[in-house]
Amino acid sequence: MSLKKNLNEEQEKAVTHTSGPALVLAGAGSGKTRVITYRIVYLLEQKDVKPYNILAVTFTNKAADEMKERLYSLVRRSTKGIWMGTFHSICARLLREFASCTTYSRNFIIYDTQDQHNLIKNIIRDSDIGEKTLDFYYVHRTISNLKNRLIDEYEFKPYNYKTELIKNIYQEYQTRLKENDAMDFDDLLFNFYTLLDSNTEIRKNLNDRFKYKLVDEYQDTNPSQYQILKKLSERYKDVFVVGDDDQSIYGFRGADINNILDFEDDFPNSKVYKLERNYRSTKRILEVASTVVKNNRLRKGKTLWTKEEEGEKITLFSAFSEKEEAAKLIKLLKKELGKYNKKDILIAYRTNAQSRAIEDALLKEEIPYVIVGGVKFYQRKEIKDILSYVKFIVNKKDTVSFFRILNTPRRGIGKITREKTEMKAKEENISLWEASCKLAGQEQPIADFVNLIKSLEEIKRIDELIVAIVEKTGYVDILKETDTIESESRIENIQELLSAAYEFTENSEKYSPEEYLTEVGLKTDIDSWSRTDSVNLMTLHNTKGLEFDVVFIVGIGEGLLPHYRSIKEGNTEEERRLFYVGITRARKKLFLSYFLTHGAGWGSTRSILPSSFLKELPPGAIENLEDYTPGGNEKKQYILRDNKNDSKWVNHPIFGRGEILDVVDGDKLLISFNGTTKKIKRRFFDERS
DNA sequence: CCCACTTTTCTTTTT
DNA sequence: GAAAAGTGGG
């Protein structure tokens with residue numbers, strides 16, 4: 001296979017990097033993933049590297065799957081044995097492999113965010129600290145941040161009363177996780193790091209195994225991932241990382257942009273390659289993206305260029321409300337549907353809740369769409385219920401799943417019986433499951449439960465197991481009896497779970513419940529997303545690594561993008577990068593929009609200013625549709641009457657609430673805003689009903 | 001113990 | 001303004 005034919009000069013240089021650490025600074029659309037893929041091909045074919053000596057870390061499981069497929073089509077020989085996946089999934093696999101050297105079992109379970117929250121809530125409730133004094137959300141975030149920085153529950157130095165309490169909760173949290181043989185997401189990294197750090201033999205073993213290490217999206221790695229990488233490269237320094245500092249958007253998850261900014265200091269004698277040619281977007285789109293991101297201080301700086309055509313201008317429009325924004329979007333979208341396929345169109349927003357208005361509008365127009373994210377599939381109640389059975393069967397120490405399934409669906413085990421079981425377990429110092437088995441003689445419902453679990457235990461294939469759970473518990477039958485729209489969609493979800501399980505067993509040699517759980521526990525929505533004949537909706541975070549012909553970014557208002565919480569935390573630069581990521585997803589055409597009022601609960605509205613990022617756009621590349629309204633009239637919409645009557649009050653996006661004092665020169669209004677008066681053209685008003 | 005009704009809680013982005 | 005959690009009568 002010829003590398004030269006498929007790569008440009010910059011890419012080829014990076015791909016054929018000889019040895020030692022390398023940093024590839026790759027701009028958006030410059031063939032980042034391509035470089036990693038071809039680098040692996042190069043190692044296999046020209047350097048005779050064995051597949052099992054390669055470790056490739058991707059940002060999502062989906063990216064790993066795609067890379068595997070691409071590799072398979074590029075090299076004739078088998079690529080089996082290459083370690084490929086996210087940091088989390090690779091650590092999980094290795095922790096199972098070396099379980100005997102840890103304090104966990106091979107079958108430890110992985111707690112999702114919900115489980116983690118519940119656990120912390122319970123700890124706070126059980127302690128004598130008032131629930132009101134400590135916010136579980138804040139506690140969780142603090143613990144997570146500590147773990148990301150590899151600070152354990154004993155090392156942590158409290159610096160005031162509150163952190164003193166958090167330290168106690170942190171300790172109890174870890175104790176309970178261990179009791180349940182469970183790890184949270186951060187533990188996967190932390191515990192694996194600890195294993196590497198404390199066990200010389202394993203460290204040596206893995207250093208020899210993973211001779212060549214490749215990491216995609218390096219700008220979004222956190223300190224613990226960085227330390228793992230360091231530990232794995234003590235013997236062989238072949239660390240090949242690819243990333244773009246301008247696309248670092250996971251700071252909230254502990255990702256540290258300094259990992260990429262300081263790479264050259266962290267890994268001495270490294271080589272840096274820059275990829276600056278963009279193959280994706282038009283000149284216009286690239287110009288807008290570069291102009292925006294230039295306002296960031298914290299960046300390495302690179303200049304993207306393209307041989308693509310100039311392209312259409314970027315369209316900017318505004319609306320009074322979220323609903324109106326959606327309506328306008330649909331109108332523009334319909335025009336694009338004549339030129340592009342639905343699957344190549346993206347609608348992106350900052351927060352999941354924003355999908356609602358767009359969805360309603362698409363539904364009304366009967367335009368097919370898919371949503372990525374939101375209420376995640378594996379977080380849904382019915383899915384978690386059924387998977388809790390699987391979890392408990394795999395791991396009897398998992399008390400969280402135990403309590404979840406004990407009386408789900410209803411089998412007559414209430415508070416009294418549950419407490420009886422808990423008492424028994426405590427008295428005899430046995431597990432809840434053992435206590436249940438002992439009580440089965442006295443309590444019929446418990447006996448039913450124990451028998452159910454015992455019969456399910458016999459089943460070794462995950463697809464058959466799930467079918468059996470659904471049948472033997474009568475879960476679907478009960479839903480059928482309820483017969484509401486909600487129960488119907490729950491049944492559909494269960495069916496989807498079933499077909500996903502079938503697929504899992506079909507496409508691999510893996511079929512055990514244990515293997516299935518590892519995969520599912522780390523599965524995200526984007527992992528199961530595929531391009532269908534539908535318009536795509538997702539958060540800006542989820543668009544990372546994807547590209548579309550037409551991109552709409554909606555809701556670009558101050559407080560939304562940048563989000564007010566980020567502004568408060570002084571993280572505007574990361575928000576700007578998020579905006580940049582969104583812009584650079586577009587190949588041909590980009591639409592930007594914002595709305596000026598927003599529901600703020602109990603029926604009131606709050607006005608929103610256009611995002612400060614919009615002021616950074618280069619005017620020459622923008623076509624402003626301020627005058628565009630659904631009715632086709634030419635009225636501007638910066639100011640709006642705030643109720644149905646002929647009110648004298650208006651809301652202005654910049655000046656706020658004002659009172660109309662007079663009409664001057666026929667077409668101008670004299671308005672008083674909090675002391676100052678301004679003359680504004682009547683055309684600004686929207687005469688809606 | 002269960003069902004139906006009332007009250008409280010939502011927390012930006014996600015592995 | 002929806003979903004989870006709490007409450008009280010059957």
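The chains referred to below are lettered A, B, ... by the order of the sequence lines, with proteins before strands, and numbering in each begins at 1.
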inquiry  = At a heavy-atom distance below 4.0 Å, what parts of residues 556-565 of chain A sit against DNA chain B?
reply    = His563(A), Arg565(A)
request  = Can you figure out which of dT15(B), dT12(B), dA2(C) approaches the side chain of Thr113(A) most closely?
outcome  = dT15(B)
ask   = Hey, does Ile416(A) reach any base, or is it just sugar-phosphate, or nothing, if we go heavy atoms under 4.0 Å?
value = sugar-phosphate
Watson-Crick or G-U stems of DNA chain B, 3 or more pairs, under 3.5 Å, by first number = B:1-10 with C:1-10
Distances for protein N or O near nucleotides 2-8 of chain B N or O, under 3.5 Å:
unit_1, atom_1, unit_2, atom_2, d
dC2(B), OP1, Gly412(A), N, 3.1
dC3(B), OP2, Arg410(A), NH1, 3.2

task = Mind jotting down which residue pairs meet the salt bridge (Lys or Arg N to Asp or Glu O under 4.0 Å) criterion with at least one end in residues 554-566 of chain A? Sequence neighbours excluded, please.
result = none
message = Using whole Å, what does the distance between atom P of nucleotide dT12(B) and atom CG of Asn571(A) come to?
response = 14 Å
message = Under the salt bridge (Lys or Arg N to Asp or Glu O under 4.0 Å) definition, can you give me all pairs with a residue in residues 404-413 of chain A, not counting sequence neighbours?
response = Asp385(A)-Arg404(A)
ask   = side-chain hydrogen bond (donor to acceptor under 3.5 Å, both in side chains) with Glu153(A): which residues, sequence neighbours excluded?
value = none
remark   = For Asp186(A) and Ser144(A) the tightest heavy-atom approach is OD2-OG, 2.8 Å
What protein N or O atoms touch nucleotides 6-10 of chain C N or O atoms at under 3.5 angstrom, if any, and at what distances?
none

inquiry  = Of the listed nucleotides (dT14(B), dC10(B), dT13(B)), which one gets closest to any side-chain atom of Phe136(A)?
reply    = dC10(B)
inquiry  = Categorize Thr60(A) for me: base, sugar-phosphate, or nothing, with a 4.0 angstrom heavy-atom threshold over every strand shown.
reply    = nothing
task = Tell me, please, which residues at least two apart from Phe552(A) pass ring pair (Phe, Tyr, Trp, His ring centres under 6.0 Å).
result = Phe591(A)
Integer-rounded Å distance: dA4(C) C1' and Arg404(A) CZ = 12 Å
request  = Answer with base, sugar-phosphate or nothing: what part of the nucleic acid does Thr417(A) contact at a heavy-atom distance below 4.0 Å?
outcome  = sugar-phosphate
query = Atom CZ of Arg253(A) and atom P of dT14(B): how far apart are they, to the nearest Å?
reply = 9 Å
query = Planes under 30° and centres closer than 5.5 Å, is that true for Phe252(A) with the base of dT13(B)?
reply = yes
query = Is the shortest side-chain N/O distance from Asn352(A) to OP1 or OP2 of dT12(B) below 4.0 Å?
reply = no
message = Is there a side-chain hydrogen bond (donor to acceptor under 3.5 Å, both in side chains) between Ser593(A) and Glu325(A)? Walk through the geometry before answering.
response = CA-CA 7 Å; Ser593(A) 64; Glu325(A) 181 189 42; 2.7 Å; yes
inquiry  = Applying a 4.0 Å non-hydrogen cut-off, can you work out what Phe59(A) is touching in the nucleic acid: base, sugar-phosphate, or nothing?
reply    = nothing
query = Would you say a side-chain N or O of Ser89(A) is under 4.0 Å from OP1 or OP2 of dT15(B)?
reply = no
request  = May I ask you to decide whether Arg577(A) forms a salt bridge with Asp246(A), counting only side-chain N to carboxylate O separations under 4.0 Å?
outcome  = no
message = Angle between ring planes, Phe108(A) versus Tyr104(A), binned at 30° and 60°: parallel, tilted or perpendicular?
response = perpendicular
ask   = More than 12 heavy atoms of other residues, nucleotides or ligands under 6.0 Å from NZ of Lys323(A): is that the case?
value = no
inquiry  = Just to verify, what does Phe595(A) make a ring pair (Phe, Tyr, Trp, His ring centres under 6.0 Å) with, not counting sequence neighbours?
reply    = His598(A)
key: For Phe613(A), ring pair (Phe, Tyr, Trp, His ring centres under 6.0 Å) partners two or more places apart   = Phe579(A)
key: Asp112(A) side chain vs Asp115(A) backbone, donor-acceptor pair below 3.5 Å   = yes
key: With Asp152(A) via side-chain hydrogen bond (donor to acceptor under 3.5 Å, both in side chains) - residues at least two apart   = none
ask   = What's the CD-P distance between Gln354(A) and dT13(B), to the nearest Å?
value = 10 Å
request  = Using the closest heavy atom to pick a nucleotide of DNA chain B for each, name whichever of Asn61(A) or Arg141(A) lands nearer the 5' end.
outcome  = Arg141(A)
request  = Figure out the NE2/C1' separation between His117(A) and dA4(C), and round it to whole Å.
outcome  = 15 Å
query = Roughly, in whole Å, what's the span from CD in Gln219(A) to P in dT14(B)?
reply = 16 Å
request  = Side chain of Asp135(A) only, please: which of dT12(B), dT11(B), dT14(B) is the nearest?
outcome  = dT11(B)
request  = Indicate the ring-plane relationship of Phe210(A) and Trp83(A), choosing parallel, tilted or perpendicular according to the 30° and 60° boundaries.
outcome  = perpendicular
ask   = With a centroid cutoff of 5.5 Å and a plane-angle limit of 30°, would you call Tyr137(A) stacked on dT11(B)?
value = yes
inquiry  = Just the rounded figure in Å: distance from P of dT13(B) to CD of Glu575(A).
reply    = 11 Å
query = Excluding sequence neighbours, so at least two apart, what forms side-chain hydrogen bond (donor to acceptor under 3.5 Å, both in side chains) with Tyr516(A)?
reply = none
query = In whole angstroms, how far is the C1' atom of dT15(B) from the CG atom of Asn145(A)?
reply = 14 Å
